[in-house]
Amino acid sequence: MNDEKKLCLSGSGVTKVFGLGRQKTVAVDHVDFNFYEGEVVSIVGESGSGKTTLAKMLLGLINTTEGEIYFQGEKRDISTHRKKQAYWKNVQAIFQDPFSSYNIFNKIDSVLLDCINMRGGRRLPRAQKVEMMTEACSFVNLKFEELTNKYPFELSGGQMQRLMIARIFLLKPRILLADEPTSMIDACSRATILGMLMKLVFETGMTLIFITHDIGLAYYVSDSIHIMEHGKLVESGSPDEVILHPKEAYTQRLINDVPKLHAEWDLTTV
Ligand SMILES: Nc1ncnc2c1ncn2[C@@H]1O[C@H](COP(=O)(O)OP(=O)(O)O)[C@@H](O)[C@H]1O
Ligand SMILES: [Mg+2]
């Protein structure tokens with residue numbers, strides 16, 4: 001069945017070392033992976049296991065120390081500003097901290113206009129741009145007309161993350177990297193935001209690379225799960241393979257950290 005699936009992002013020997021000599025940290029250590037189009041791929045690991053560093057390399061925000069990243073089967077080339085911009089049309093991200101995701105000098109309408117411009121809509125009539133921004137905001141239950149003169153930091157954390165999803169709605173990338181997108185948000189907004197994210201992913205058929213320390217959540221949303229420990233990908237497979245039949249003691253430990261879910265898993269497997 002794997003033969004029918006199209007590769008969207010893959011890597012071989014991808015490594016990131018921070019610092020030199022005794023100060024050296026191997027944050028990501030020779031990881032190999034194949035992520036397929038249209039799938040929800042979860043990367044799960046404890047804090048400090050290298051998830052964000054891997055995400056930043058996948059996005060091209062930091063260079064790899066070693067190894068190669070392939071986009072749609074071809075070696076990725078982001079060596080110039082223009083090539084990077086082209087890559088970012090296809091690969092976008094939502095980060096953990098909504099406050100640091102926005103330029104504080106940009107009002108909300110210019111945040112959204114930038115997305116339309118990036119998709120080649122710069123010359124569209126203003127009315128059409130407003131219509132597109134209104135549609136994107138209503139997808140995440142925000143009212144565009146109430147936001148036009150505001151700055152992102154005037155919103156709540158949950159609203160800021162919803163605005164991030166509205167950006168993705170307009171940008172329509174092939175791949176979305178979501179790095180713990182709900183971990184800094186209050187519990188009651190969390191499920192709503194996750195629901196909006198999943199709806200967007202399913203409606204557009206984009207690949208979601210979902211980074212989380214919550215293996216229980218990964219079980220419910222993923223097509224494949226990749227377990228990260230000390231910079232290495234130690235175990236990969238379908239949610240049932242990885243969570244119901246873990247091979248690594250580390251994976252078992254992550255599972256044991258969410259004891260409440262065991263009862264529900266039993267129900268789904270009878
Ligand atoms: N810019 C940096 N400089 C030095 N060390 C870093 C830097 N970013 C991350 N690290 C280190 O790399 C390791 C992995 O970090 P990170 O990728 O943030 O893990 P995670 O997202 O899984 O919590 C940690 O030991 C962290 O301290
Ligand atoms: Mg992180």
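Owing to the predicted nature of the structure, the values given are computational and were not obtained by experimental measurement. When a ligand or atom number is given, it counts from 1 through the structure's own listing order. The analysis underlying the following values was restricted to heavy atoms, covering all of them including side chains, and did not include hydrogens, waters or symmetry mates.
The protein atom (non-hydrogen) at minimum distance from atom 15 (O) of ligand 1 is T53 OG1, 3.9 Å. With hydrogens left out, the protein atom closest to atom 8 (N) of ligand 1 is F18 CE1, 3.4 Å, a heavy atom. Considering only non-hydrogen protein atoms, atom 26 (C) of ligand 1 sits nearest to T25 CG2, 4.9 Å. Annotation: atom 12 (O) of ligand 1 to nearest protein heavy atom, A27 CB, 3.3 Å.
Relative to the six-membered ring of F169, K172 meets both conditions, a distance below 6.0 Å and an angle of at most 45° to the axis. Under a cutoff of 6.0 Å and an axis angle of 45°, K83 and Y87 do not form a cation-pi pair.
Follow the hydrophobic side-chain contacts under 4.5 Å out from M228 and you never reach I243; the two are in separate clusters. Hydrophobic clustering (side-chain heavy atoms under 4.5 Å, transitive across Ile, Leu, Val, Met, Phe, Trp, Tyr) groups L112 together with L124. If you chain together hydrophobic residues whose side chains sit under 4.5 Å apart, L59 and F18 fall into the same group.
The presence of a protein heavy atom under 4.0 Å from atom 6 (C) of ligand 1 is confirmed.
In this structure, L142 CG and M196 CE are separated by 7.0 Å, a value rounded to the nearest 0.5 Å.
Side chains of D240 and S238: a donor-acceptor N/O pair is absent below 3.5 angstrom, by distance only.
Close approach of ligand 1 to S47 is summarised as follows: ligand atoms under 4.0 Å from at least one heavy atom of the residue are 23 (O).
Using a 4.0 Å cutoff on heavy atoms, G45 does not count as a contact of ligand 1. Within the 4.0 Å heavy-atom shell around ligand 1 one finds G48.
Not a single N, O or S atom of T53, from either the backbone or the side chain, sits less than 2.8 Å from the Mg ion (ligand 2).
Here's the thing with G50: one of its N/O atoms is less than 3.5 angstrom from an N/O atom of ligand 1.
Nearest residue to atom 18 (O) of ligand 1 from T52, I62, V17 is T52 (criterion: closest heavy atom).
If you look at E46 next to ligand 1, the close heavy atoms, those under 4.0 Å, all belong to the backbone.
In this structure, M164 and F95 have side chains that are not in contact, with every pair of non-hydrogen atoms separated by 4.5 Å or more.
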